[in-house]
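Order of listing sets the numbers, starting from 1, for every ligand and every atom in it.
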Amino acid sequence: MDARFLGIPELAEVPSTAVVVDVMRAFTVAAWAFGRGAERIVLAGSPDEALALKARHPDWVALKDGPPAPGFDAVNSPGLLRSADLGGRTVVQKTTAGTVGALAVKDAPLVLCAGFVVAEATARLLRARGCDDVTFVVTGEDGRAEEDLACAQYIAGRAAGTGTDSAGFLDRAAGSRAAAELTEGVREGAHPDDVALCLELDRFSFAMAAAVEDGFMVLRPYAVPSD
Ligand SMILES: O=C(O)[C@H](CS(=O)(=O)O)OP(=O)(O)O
Ligand SMILES: [Mg+2]
């Protein structure tokens, strides 16, 4: 497999297959939302767009990163979301890195969003589709976020079938700046279990695929058959 690892500012062309990685915390949160029953996640381009969607659809669940904010129902924390009942709900998500990365590749024919919690399912889907040219979007810190790069490289290894061992990749993520900021309380809207939840390898068996629907980038769980 031909894999490249790019930060959001480096995305010059539309990739044929994009895997957008945000371990801490957007796509760990997205996976938990599906795990708690959400039907779909609309990826919003701005807080104002998220609030406008919420105003039009009061039953939708508006979520953004940072501290709790007026008009939003939830924050970007797996620890805080894991007990929510989201059965059948539509979630609107806006974050600093993850949702921005997915929107940056919205024209790609296949867009997967991933973190360690859906790593194997994502790799399995890449294998099943025979994707041999994959752009990994390393969303954090303009492509330098260690947790996202480690996860992207891990998924690439698994997709290539090289028998990649997870331990070193998870250690890199555990030692990342994002993990430290979450642990030290620098990032707002956090739960003490967030880092551990973001490092829970293959917590979920589905992958997550995003596509444009009615003008919006919509993320849905994707059941991947075992190979
Ligand atoms: O909520 C997060 O952890 C981050 C926010 S920031 O990087 O601390 O500003 O957003 P994400 O898009 O999930 O990386
Ligand atoms: Mg992040």
Side-chain angles (χ1 to χ4, degrees), residues 5-11 18-35 38 41-50 61-69 72-82 84 91-106 111-119 122 136-155 169-170 172-200 203-204 208 210 217 219:
F5 304 89
L6 301 178
I8 297 170
E10 298 170 302
L11 292 166
V19 179
V20 189
V21 179
D22 193 334
V23 173
M24 299 182 193
R25 294 166 287 175
F27 298 139
T28 301
V29 165
W32 270 99
F34 293 132
I41 299 176
V42 178
L43 304 175
S46 67
D48 282 351
E49 185 186 350
V61 178
L63 179 162
K64 86 168 193 63
D65 58 0
F72 285 87
D73 305 293
V75 294
N76 193 42
S77 159
L80 293 169
L81 204 72
R82 68 181 153 175
V91 173
V92 182
Q93 186 182 26
K94 165 72 183 97
T95 75
T96 302
T99 57
V100 174
L103 289 167
V105 291
K106 67 179 174 34
V111 179
L112 306 179
C113 295
F116 282 109
V117 290
V118 294
T122 305
F136 288 86
V137 183
V138 178
T139 61
E141 300 169 35
D142 288 344
R144 291 185 297 277
E146 192 62 5
E147 75 281 10
D148 296 335
L149 183 58
C151 182
Q153 290 170 338
Y154 175 68
I155 293 171
F169 297 91
L170 289 167
R172 284 167 56 193
S176 66
R177 180 207 302 240
E181 288 181 353
L182 284 165
T183 303
E184 290 160 12
V186 175
R187 291 196 186 193
E188 297 181 277
H191 183 280
D193 293 344
D194 277 358
V195 172
L197 289 168
C198 290
L199 300 179
E200 220 180 353
R203 173 67 179 75
F204 300 102
M208 300 189 292
M217 193 65 164
L219 186 64

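Around ligand 1, the residues contributing at least one heavy atom under 4.0 Å from the ligand are Asp22, Met24, Arg25, Ala26, Asp65, Asn76, Thr95, Thr96, Ala97, Gly98, Arg187.
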Please tabulate, for the side chains in residues 94-106, all donor-acceptor contacts under 3.5 angstrom to protein atoms that are two or more places apart in sequence or on a different chain.
{"from": "Thr95", "atom 1": "OG1", "to": "Gly98", "atom 2": "N", "distance (Å)": "3.3"}
{"from": "Thr95", "atom 1": "OG1", "to": "Thr99", "atom 2": "N", "distance (Å)": "3.3"}
{"from": "Thr96", "atom 1": "OG1", "to": "Asp65", "atom 2": "OD2", "distance (Å)": "2.6"}
{"from": "Thr99", "atom 1": "OG1", "to": "Thr95", "atom 2": "N", "distance (Å)": "2.9"}
{"from": "Thr99", "atom 1": "OG1", "to": "Thr95", "atom 2": "O", "distance (Å)": "3.1"}

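The shortest side-chain heavy-atom distance between Arg203 and Thr28 does not fall under the 4.5 Å cut-off.
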Can you check side chain to side chain contact (heavy atoms under 4.5 Å, CB included) on Val21 and Thr139, steps first, answer last?
CA-CA 6 Å; Val21 179; Thr139 61; 5.7 Å; no

Could you walk me through whether Val118 and Leu112 pass the side chain to side chain contact (heavy atoms under 4.5 Å, CB included) check?
CA-CA 10 Å; Val118 294; Leu112 306 179; over 6 Å; no

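Shown are the protein N/O/S atoms under 2.8 Å from the Mg ion (ligand 2), given by residue and atom: Asp22 OD1, Met24 O.
Among residues two or more places apart in sequence or in another chain, the ring pair (Phe, Tyr, Trp, His ring centres under 6.0 Å) test is passed with Phe5 by Phe136.
Among Ile155, Asp148, Leu149, the one residue that satisfies the side chain to side chain contact (heavy atoms under 4.5 Å, CB included) test with Cys151 is Ile155.
The distance from atom CH2 of Trp32 to atom SG of Cys198, rounded to the nearest 0.5 Å, is 11.0 Å. The SG atom of Cys113 sits 9.0 Å away from atom CD1 of Ile41, with the distance rounded to the nearest 0.5 Å.
The pair Arg187-Asp194 does not count as a salt bridge, with every side-chain nitrogen at least 4.0 angstrom from each carboxylate oxygen.
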